[in-house]
**Q** 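Got a structure for you, written out below as structure tokens; questions coming shortly.
Quick caveat: nothing in here was measured; it's all calculated off a predicted structure. Per chain, numbering begins at 1; letters A, B, ... match sequence-line order.
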Amino acid sequence: MQQVLVNIPSVPIFERVVRASADEVGRALGFSAERVEDLKLAVSEAVNNAIDHGNKRHPGKLVEVVFALHSDKLEVHVTDEGGGVETVDFSRKVVEDQNLDAGMHRGFGMYLISALVDDCEVNSSQSGTTLTLRLYRRSQDHDE
Amino acid sequence: MQQVLVNIPSVPIFERVVRASADEVGRALGFSAERVEDLKLAVSEAVNNAIDHGNKRHPGKLVEVVFALHSDKLEVHVTDEGGGVETVDFSRKVVEDQNLDAGMHRGFGMYLISALVDDCEVNSSQSGTTLTLRLYRRSQDHDE
Amino acid sequence: MTNEMNEVIRREEFGDVAVLHIMTNSVDAVSASAIEAVATATAMRPITVLDFANVSFINSAGISALLKFVVSAKKSGYTLYAMNVTPHHQKVFKMVEMSRYMPPIEERDLAAYR
Amino acid sequence: MTNEMNEVIRREEFGDVAVLHIMTNSVDAVSASAIEAVATATAMRPITVLDFANVSFINSAGISALLKFVVSAKKSGYTLYAMNVTPHHQKVFKMVEMSRYMPPIEERDLAAYR
Ligand SMILES: Nc1ncnc2c1ncn2[C@@H]1O[C@H](COP(=O)(O)OP(=O)(O)O)[C@@H](O)[C@H]1O
Ligand SMILES: Nc1ncnc2c1ncn2[C@@H]1O[C@H](COP(=O)(O)OP(=O)(O)O)[C@@H](O)[C@H]1O
């Protein structure tokens, strides 16, 4: 099993570094262009949550992203150094009139993640949260 | 000082992950498009040398790349787990008829690195080699 | 001040139409505040179109910024349209029902107003 | 077998001219072997042109693969040309004097042969 690790300070601009890495990892696994976009978006959401909700944008706190390339799947582990979270809601969220009127424009991240990857899982403790995303390899994927 | 770390197995395809990260780091620092290309090429050469000459393409050996964003410069440290190197030749290399005839098509990497960055430095021991690249920030660079 | 800040949206106006060309390729947490800043009531016209031709990435932080345009348009009683949205982003807009608030429009539909 | 492998170079031939369109955007250690594999003597024509229109990155591993075309052309007594090279890669080609072995040519210079 091969592993690529990317570690960033909790500053939003560095999410782009992780996203660009996800792009190349997805291509290396031979994922279709659409699936690479799904992967990038899911990873982007996970990293932004780790930066915002986990590490509260504290630049000294790090977000660690591990891309674990298994023979049957890609696993992405996104870990922050935050205080943890009790429960995470992956249910569908859509834009709604009353939320717009109330100025509530957020809350789509977890739903998008769960809808875009094959499988995801949260492990949280007082010393941080790890979100694991899984994308299973398909027969039409081609190794480089 | 902020730091982005990327760690890859010694397999050529993962050089693309580091290169994509270099691209985003260069943009984040507000480097011009041409300078971002110079950075990507220099980092690419350094990582390929670490994979090929340092770790001898042993997938279990890792290449660690640290992008250290100082207020006055970007430093990139590329470290392998190889046996080290006595001296490295940064002098200019060009395509030459006799080399072509002899099938010698390599040897441009170190020259390109030294010509594309402001400053570079090799630190080598029996447990590995670190190549450090430096690109000084210029007044026309703009932070994101 | 970055170029991204200065030029995140290039505005084009004709008749009742404003086309807001998004100039950054990444509509994300970094570009969100510069994008939102343009979403004022005065920026809206009866037909306001966001042009995504240069946009290769949008995440939920970006969607949240785009929703400011929906709110501004709604306040003015105008409708907002989206142009040149990639198939991937069409899919994402449908997932969160953004497409209900920002229906697609095509370049040729605007020709009549020019 | 990847698409990159199958289609790394798309060949176009007319009269004495062969245009080899490089289809990968990254001419690097990964794509080098597939590119080299095309650099056979039979691939060469009196005017052989490498088209870099799709190429956004070239490193020294890529240059080493490209030099195989220089050698093949030389063996046949032909000259190799480079088309649609970005300014950055023009600079790099000059640095290693690649440009001496692969001088630039433009699309319109080829029109006469079509
Ligand atoms: N890494 C994390 N650490 C702590 N809480 C988190 C983390 N990731 C998600 N959450 C919680 O899940 C909620 C939903 O996240 P999300 O769907 O991405 O919406 P948003 O980030 O816009 O609030 C967040 O508001 C937060 O309370
Ligand atoms: N990380 C490294 N570990 C050991 N030797 C190295 C390393 N980097 C460079 N070298 C040495 O420097 C030489 C020149 O490298 P370079 O100019 O990139 O050309 P090439 O890689 O094509 O041989 C290599 O052949 C190798 O002997």
**Q** Looking at B:Tyr111 and D:Val96, what are the two nearest heavy atoms and their distance?
**A** CE2-CG1, 4.1 Å
**Q** Any side-chain heavy atom of D:Lys91 sitting closer than 4.5 Å to one from B:Asp38?
**A** yes
**Q** B:Val95 and D:Arg100: which non-hydrogen atoms are nearest, and at how many Å?
**A** O-NH2, 3.9 Å
**Q** Need one label for D:Ile58: side chain, backbone, both or neither, based on atoms under 4.5 Å from any heavy atom in chain B.
**A** backbone
**Q** Just wondering, are more than 12 heavy atoms of other shown residues or ligands nearer than 6.0 Å to CZ in D:Arg114?
**A** yes
**Q** Of the listed residues (D:Leu66, D:Val71, D:Ile63, D:Val70), which shares the most heavy-atom pairs with chain B below a 4.5 Å separation?
**A** D:Val71
**Q** So which part of D:Thr86 gets closer than 4.5 Å to some heavy atom of chain B, the side chain, the backbone, both or neither?
**A** neither
**Q** Please identify each residue that fulfils side chain to side chain donor-acceptor pair (under 3.5 Å) with B:Gln2, with sequence neighbours left out.
**A** none
**Q** Which region of B:Glu37, side chain (C-beta onward) or backbone (N, CA, C, O), has a non-hydrogen atom less than 4.5 Å from a non-hydrogen atom of chain D, or is it both or neither?
**A** both
**Q** Minimum heavy-atom separation for B:His105 to D:Ser64, with atom names?
**A** O-CB, 3.1 Å
**Q** For a quick test of reading the model, state the closest non-hydrogen atom pair linking D:Lys94 to B:Arg92 and the distance between them.
**A** O-NH2, 3.4 Å
**Q** Should the heavy atoms of other residues, nucleotides or ligands under 6.0 Å from OH of D:Tyr113 be counted, would the total exceed 12?
**A** no
**Q** Say you draw a straight line from OG of D:Ser60 to CG of B:Asn49; how long is it, rounded to the nearest 0.5 Å?
**A** 7.0 Å
**Q** Are there over 12 heavy-atom neighbours, none belonging to B:Gln98, within less than 6.0 Å of that residue's CD?
**A** yes
**Q** Of all residues at least two apart in sequence or in a different chain, which pass the ring-ring contact (aromatic ring centres under 6.0 Å, His included) check with D:Tyr78?
**A** none
**Q** In this structure, are over 12 heavy atoms from other groups packed under 6.0 Å from B:His77 atom NE2?
**A** yes
**Q** Given D:His88, which of B:Lys40, B:Glu34, B:Arg35 fulfils the side chain to side chain donor-acceptor pair (under 3.5 Å) condition?
**A** B:Glu34
**Q** How close do B:Arg16 and D:Ser31 get, counting heavy atoms only, and between which atoms?
**A** NH2-N, 4.1 Å
**Q** Count the heavy atoms belonging to other residues, nucleotides or ligands that lie under 6.0 Å from CZ of D:Arg10, then report whether that count exceeds 12.
**A** no
**Q** Taking side chain as everything from C-beta outward and backbone as N, CA, C, O, which of these in B:Asp52 sits under 4.5 Å from a heavy atom of chain D? Side chain, backbone, both or neither.
**A** neither
**Q** Return the minimal non-hydrogen interatomic distance between D:Asn59 and B:Ser44, and the atom names on each side.
**A** ND2-OG, 2.8 Å
**Q** Do D:Phe57 and B:Leu41 have side chains that approach each other closer than 4.5 Å (heavy atoms only, starting at C-beta)?
**A** yes
